[in-house]
Peer 1: 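Here you go, one structure.
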Protein chains: 2
Amino acid sequence: MLGIKDVALAAGVSQATASRALSGRGSVSQSTRERVRAAAAELGFQVSYHASSLATGRSRNIGVVLPHVNRWYFSTVLEGLTRQLIDAGYDLTLYDFQGDRHRKTVLNDFLLRKRLDGVITVGLRLGDEDATRLLSLGIPFVSIGGSVPGITSLLVDEHAIGRLAAEHLISLGHKRIAHVGGEHESKSYFQVSRSRREGYQAAMESAGLEQRPEWSVLSDYTVNGAYTTVKSLLGDPYNRPTAICCASDEMAIGVILAARDLGLQVPEQLSVIGVDKHPLGTVFGLTTVDQFVEDQGRRAALTLLDALSAPHIDDSISLPAPIELPVRIVARSSTAAPSSSPNPTFH
Amino acid sequence: MLGIKDVALAAGVSQATASRALSGRGSVSQSTRERVRAAAAELGFQVSYHASSLATGRSRNIGVVLPHVNRWYFSTVLEGLTRQLIDAGYDLTLYDFQGDRHRKTVLNDFLLRKRLDGVITVGLRLGDEDATRLLSLGIPFVSIGGSVPGITSLLVDEHAIGRLAAEHLISLGHKRIAHVGGEHESKSYFQVSRSRREGYQAAMESAGLEQRPEWSVLSDYTVNGAYTTVKSLLGDPYNRPTAICCASDEMAIGVILAARDLGLQVPEQLSVIGVDKHPLGTVFGLTTVDQFVEDQGRRAALTLLDALSAPHIDDSISLPAPIELPVRIVARSSTAAPSSSPNPTFH
DNA sequence: ATGAAAGCGCTAACAA
DNA sequence: TTGTTAGCGCTTTCAT
């Protein structure tokens, strides 16, 4: 195998000098550095990261842990992460729980293999036991939108999101507002939808609006799921809400499709709002609460990289304060003031 | 740091024996093995993969290279890959080109860092130069749906997919069939859409059907893109196709949405077919050509794992024959025989 | 600025 | 079956 010693030989220097010249650490004269670099380039040499890692203790490798690569939110965060990490020269090792399928293995085995310089978790909920085991690795952790004890986290205020969405509808004059949540999620993940619902409920309460139990439904975060769930809700021509607040854009789109199939006009007969700013929203004119998903990934990566280059980590002496992520209403055409005749006129 | 030597000490054996007991390679008596395992468990020991890799030359780590994690096709393949790889005890290092943003860095630097036991590329098109550089790593490669010289590949017959989709429409009696392709893709990726279009053209030709240039449009694989692109095509009330063949489900959905917004009934006034079996298709009743995307990932992983455990690799002596992946029509409600009055009746 | 040498933590001959 | 020993390929003191 082509090793650094071959480069050293070719450049007529010692192995140590070659290493210094290539890594940039330690002092090497301008001319030798160039000679070594040239030799390395010519031979097509690449350092062995295994060896390098073993010697330095750092591996230029970040672990990313999430529940489902396959869902828009997560793959978009991932995109933000990869961008920053690649630019910084880090490999990204992906651990996809696939729901709960790989959860235990990953937490108890893969993450402990000491090949990571840091870990980013997305949307995870970790118990104390899991968290301390991970923290004992002594490497920096950052979590996005999750709940992991003792770890620096970036959080959107989910409660505020729910409230904001509901208040948008309320301010338009709606009084009959339903909510579609995604609580069919596993207990092991961050209960995003629940907090959003609570925000919605708080807004409804402040406005003194009635909250009918049948107007609070649960789905599964998908278009298909919400479509089915909400069709019955909208099927009743007399007791229909005039607006629906959804815990995600995908569900909101399901609602819009269900409404269309029932012959209801959006927004004339039904206003719909979601959360995420999913790209599919544009074609439906979906009003939403943008949470800058890709930026979440970028910021998490930067936060972690910061921690990695910090003078030295105060080994969990400082309790990390959560970093709050921004959100913003994007008003489009799926929401409007309720029509004067909320109940259908049969013509 | 907690090392294997501590375990050895605790178990009262030599470091070598501890290593054998933990790795399962080499012979160790039942009793010592248990003793060592117990000691390791109690101390919470995990091997250092850097050290282990350096010693063995294998890293239990597979690289996956793709153009966009963020797109449904790729994240779904990825899901199939992670499932198998985690089960086999392999880490998965993700290299996302993000279009062309990271392409060069990844190919010229990251992939050459010698920390991978194998590589899987998805949808990539690689030139001879890049390919040979990668092959020179001496590790097994598998490509899915791409074109990489000298590498084992899993391929769907894209031409056949295009033909099949078109033939489905033709067999229903359609004569005015348009095509929406995704050729706005970068030249550096596998030109899936182009082959599908050629399949469509072949089918049209065999059936002796007219191919109007204005019925062959290009889009970008997204719902939004296809929606916009196709709206003008469908806007003409006199020279409208009765069916549209799309190179992906997402574009097909864009077409359906555009049709609806123009007041056209699907399938009564317009039949639409896509490719992929995207989950969103169900709510639209979209007829499609399933290509078993997640299975593609699983099979690629298995193929690579096979190569890794093979007696020994004949160092590129055998030209790997491509493995053909299955496809299947899934007929749903977006396609039907054309109505007898293809042109609109103004009532 | 450079070289010699020790060692990162583990595995794999080779002996016993 | 077990222990001894010599590396895996690189980095990094410590001399010079």
Side-chain angles (χ1 to χ4, degrees), chain A residues 1-37 39-40 43-61 89 91 112-117 137-139, chain B residues 1-37 39-40 43-61 89 91 109 112-117 137-139 312:
Chain A
M1 179 189 236
L2 182 65
I4 203 175
K5 80 170 60 154
D6 301 297
V7 176
L9 200 67
V13 295
S14 76
Q15 203 175 309
T17 304
S19 172
R20 284 188 279 253
L22 292 175
S23 73
R25 275 186 293 273
S27 45
V28 188
S29 79
Q30 188 62 30
S31 64
T32 11
R33 162 164 297 125
E34 276 160 18
R35 214 148 23 93
V36 173
R37 295 245 162 113
L43 297 175
F45 168 80
Q46 286 279 343
V47 294
S48 156
Y49 269 65
H50 295 320
S52 175
S53 300
L54 185 56
T56 61
R58 294 184 300 92
S59 19
R60 297 226 144 247
N61 189 14
D91 270 4
L112 306 177
R113 291 180 174 182
K114 299 176 192 160
R115 30 165 68 159
L116 303 173
D117 288 344
L137 287 172
I139 58 179
Chain B
M1 177 187 236
L2 183 65
I4 203 174
K5 80 171 60 149
D6 301 297
V7 176
L9 198 66
V13 296
S14 76
Q15 205 175 308
T17 304
S19 171
R20 284 188 280 250
L22 292 174
S23 72
R25 275 187 293 274
S27 44
V28 188
S29 78
Q30 189 61 28
S31 64
T32 24
R33 162 165 296 126
E34 276 161 18
R35 213 146 25 93
V36 172
R37 295 241 162 115
L43 297 174
F45 168 80
Q46 286 278 342
V47 295
S48 155
Y49 268 65
H50 295 321
S52 174
S53 299
L54 185 56
T56 60
R58 294 183 301 93
S59 22
R60 297 224 144 249
N61 190 13
D91 269 4
D109 177 8
L112 306 178
R113 291 179 174 183
K114 299 175 193 163
R115 34 164 65 162
L116 302 172
D117 288 343
L137 286 173
I139 58 178
H312 201 56

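Values reported hereafter were calculated over all heavy atoms of this structure, with side chains retained and with hydrogens, waters and symmetry mates removed. Note that the structure is predicted; figures quoted are calculated from it, not measured. By convention in this document, chain letters (A, B, ...) are assigned in the order of the sequence lines, proteins followed by strands, and residues within each chain are numbered from 1.
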Peer 1: Heavy atoms under 4.0 Å, any strand shown: does Ser29(B) hit a base, just sugar-phosphate, or nothing?
Peer 2: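 Sugar-phosphate only.
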
Peer 1: Nearest whole angstrom, please: distance from the P of dG7(D) to the NZ of Lys5(A).
Peer 2: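 Going from Lys5(A) (NZ) to dG7(D) (P), I get 10 Å.
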
Peer 1: Can you see if the side chain of Ser27(A) gets near the phosphate of dA1(C) - specifically, an N or O under 4.0 Å from OP1 or OP2?
Peer 2: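 Yes, such a contact exists.
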
Peer 1: Would you mind reading off the distance between Ile4(A) atom CD1 and dT12(D) atom C1', rounded to a whole angstrom?
Peer 2: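 For the pair Ile4(A) CD1 and dT12(D) C1', the rounded distance is 12 Å.
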
Peer 1: Starting at the 5' end of DNA chain D, which residue's closest nucleotide do you reach first, Val28(B) or Ala51(B)?
Peer 2: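 Of the two residues, Val28(B) wins.
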
Peer 1: Which part of the nucleic acid, if any, lies within contact of Thr32(A), taking any heavy atom under 4.0 Å across all strands shown: a base, the sugar-phosphate backbone alone, or nothing?
Peer 2: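 The residue Thr32(A) makes sugar-phosphate contact but no base contact.
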
Peer 1: Of all heavy-atom pairs between Phe45(B) and Ile4(B), which one has the smallest distance, and what is that distance?
Peer 2: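 Heavy atoms of Phe45(B) and Ile4(B) come nearest at CE1-N, 3.4 Å.
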
Peer 1: What is the distance from CG of Leu54(B) to C1' of dC10(C), rounded to the nearest Å?
Peer 2: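 Those two atoms, CG and C1', are 8 Å apart.
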
Peer 1: A side-chain contact here means heavy atoms from C-beta on lying under 4.5 Å apart; do Gln46(B) and Leu2(B) qualify?
Peer 2: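 Sidechains of Leu2(B) and Gln46(B): no contact.
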
Peer 1: Drop me the distance from Met1(A)'s CE to Ser48(A)'s OG, to the nearest 0.5 angstrom.
Peer 2: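 If I round to the nearest 0.5 Å, the distance is 6.0 Å.
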
Peer 1: Any side-chain N or O of Ser52(B) under 4.0 Å from OP1/OP2 of dT11(C)?
Peer 2: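 Yes, such a contact exists.
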
Peer 1: Does some side-chain heavy atom of Arg25(A) sit less than 4.5 Å from a side-chain heavy atom of Arg20(A)?
Peer 2: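 With C-beta onward as the side chain, the pair stays apart.
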
Peer 1: Figure out the CG/C1' separation between Leu2(A) and dC8(D), and round it to whole Å.
Peer 2: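 Atom-to-atom, Leu2(A) to dC8(D), this comes out as 15 Å.
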
Peer 1: Side-chain contact, heavy-atom cut-off 4.5 Å: Asp117(B) with Ile139(B)?
Peer 2: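 No; the side chains remain at least 4.5 Å from each other.
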
Peer 1: So, do Tyr49(B) and Lys114(A) sit near enough that their side-chain heavy atoms are less than 4.5 Å apart?
Peer 2: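 In short, these two side chains do not touch, never coming nearer than 4.5 Å.
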
Peer 1: So Arg113(A) and Asp91(B), do their side chains get closer than 4.5 Å, heavy atoms only?
Peer 2: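 Yes, side chains in contact.
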
Peer 1: Given atom CD of Gln30(B) and atom P of dT2(D), what is their separation to the nearest angstrom?
Peer 2: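 One finds 11 Å between P of dT2(D) and CD of Gln30(B), rounded.
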
Peer 1: Find the distance Leu9(A):CG to dA4(C):P and express it as a whole number of Å.
Peer 2: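 In whole Å, dA4(C) P and Leu9(A) CG are 12 Å from each other.
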
Peer 1: Which sits closer to the 5' end of DNA chain D, Gly3(A) or Ala18(B), going by the nucleotide each is nearest to?
Peer 2: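 Mapping each residue to its closest nucleotide by heavy atoms, the 5'-most match is Ala18(B).
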
Peer 1: Can you check nucleotides 12-16 of chain C for protein contacts, nitrogen or oxygen pairs under 3.5 Å, and list what you find?
Peer 2:
{"from": "dA13(C)", "atom 1": "N6", "to": "Arg20(B)", "atom 2": "NH1", "distance (Å)": "3.4"}

Peer 1: Can you check the His50(B) NE2 to dT11(D) P distance for me, whole Å?
Peer 2: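 Taking atom P of dT11(D) as the reference, NE2 of His50(B) is at 13 Å.
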
Peer 1: Whole angstrom is fine here: how far is it from NZ in Lys114(A) over to C1' in dC10(C)?
Peer 2: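 After rounding, the gap between these two atoms is 11 Å.
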
